[in-house]
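The structure appears below as structure tokens.
Each ligand, and each atom within it, is numbered from 1 in the order the structure gives. In this text, all values refer to a predicted model and were calculated from it rather than measured experimentally.
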Amino acid sequence: MKKRIAIFISGRGSNMKAIVEQCQTGILKDLAEVVLVFANKQSAGGLEYANELGLATASIESKGLKRTTFDQKVLTLLSDYNLDYIVLAGYMRVLSSEFVAAYPKQIINIHPADTTQHQGLNGYDWAFEEGLETTKVTVHYVDEGLDTGTIIAQHSVDLKGAVTLEEVERRGLAVEHYFYSKTLQGIFE
Ligand code: GAR
């Protein structure tokens, strides 16, 4: 049975696109289907792409809502989808403990840094400002902390000769787009 997954985004959704492609024609084809793309912002660019592909989409505006109130609304929405996994892809929110408890070991995130070294936003800005020659991207289970969940896998990103933030991001995202699906493949198999 294919795993039923929801992908959560907050913005442009380039990781979401990469995963959708792998589910449709690539390494996740026999393993998973994307049954929902969810955003916490109606303006998230990735929603349009998901709609164009005919995927089910939903959004609930998180702005102004208490974390637990918002997460409860999302849980209610998800209850219709019978999900096996929730895949966070640029979803810029910490989840409440109630939300995490509803999907134990079923929520996965990608983080653009080594989570033991840098948590929160702007992982590539951090690597660039630190002048790192190598950084890492991390795929991890999600708990209620900020990028504190158990690490599933990490992949290094070679930053030698990358002299602009744009180049650092370009190299990092190229790794993320391949590595996230590859790691999900290992989990779903
Ligand atoms: C990605 O680099 C992802 O790793 C990062 O946000 C970007 C989203 O890009 N996530 C975090 O920083 C989470 N702490 P995308 O919307 O194009 O996938």
Taking C-beta and beyond as the side chain, do D147 and N109 meet within less than 4.5 Å on heavy atoms?
yes

Students should be able to answer this: which protein heavy-atom is nearest to atom 16 (O) of ligand 1, and at what distance?
G13 N, 2.9 Å

In terms of residue, atom name and distance, what is the protein heavy atom nearest to atom 3 (C) of ligand 1?
E176 OE1, 3.4 Å

May I ask you to decide if V94's main-chain N or O and R67's side chain share a donor-acceptor pair within less than 3.5 Å?
yes

Any side-chain to backbone donor/acceptor pair from Q106 onto D84? Under 3.5 Å, distance only.
yes

Just to confirm my output: which protein heavy-atom neighbour is closest to atom 9 (O) of ligand 1, and how far is it?
R12 NH2, 3.2 Å

Identity and distance of the protein heavy atom lying nearest atom 15 (P) of ligand 1
S14 N, 3.4 Å

Answer yes or no for I110: is there a heavy-atom contact with ligand 1 below 4.0 Å?
yes

With a cut-off of 4.0 Å, which atoms of ligand 1 are near a heavy atom of H111?
14 (N)

Residues T150 and H140: side-chain donor-acceptor under 3.5 angstrom
no

Scanning both residues in full, the closest heavy-atom pair of L77 with F38 reads CD2-CD1, 3.6 Å

With a cut-off of under 6.0 Å to the ring centre and 45° to the axis, is K105 in cation-pi contact with Y141?
yes

Around atom 8 (C) of ligand 1, find the nearest protein heavy atom and jot down its residue, atom name and distance.
G90 CA, 3.6 Å

Near G120, which atoms of ligand 1 are under 4.0 Å from a heavy atom of that residue?
14 (N)

Does K73 use its side chain to pair, donor to acceptor, with the backbone of S62 at less than 3.5 Å?
no

Between R171 and E167, is there a side-chain N and carboxylate O pair less than 4.0 Å apart?
yes

Nearest candidate to atom 10 (N) of ligand 1, where distance is taken over non-hydrogen atoms, out of P112, A113, G45
P112

Output yes when the distance from some N or O of ligand 1 to some N or O of N15 is under 3.5 Å, and no in every other case.
yes

Nearest-neighbour protein heavy atom for atom 6 (O) of ligand 1, which is reported as residue plus atom name and distance
M92 CE, 3.2 Å

Report, in ascending order of atom number, the atoms of ligand 1 lying under 4.0 Å from any heavy atom of L173.
2 (O)

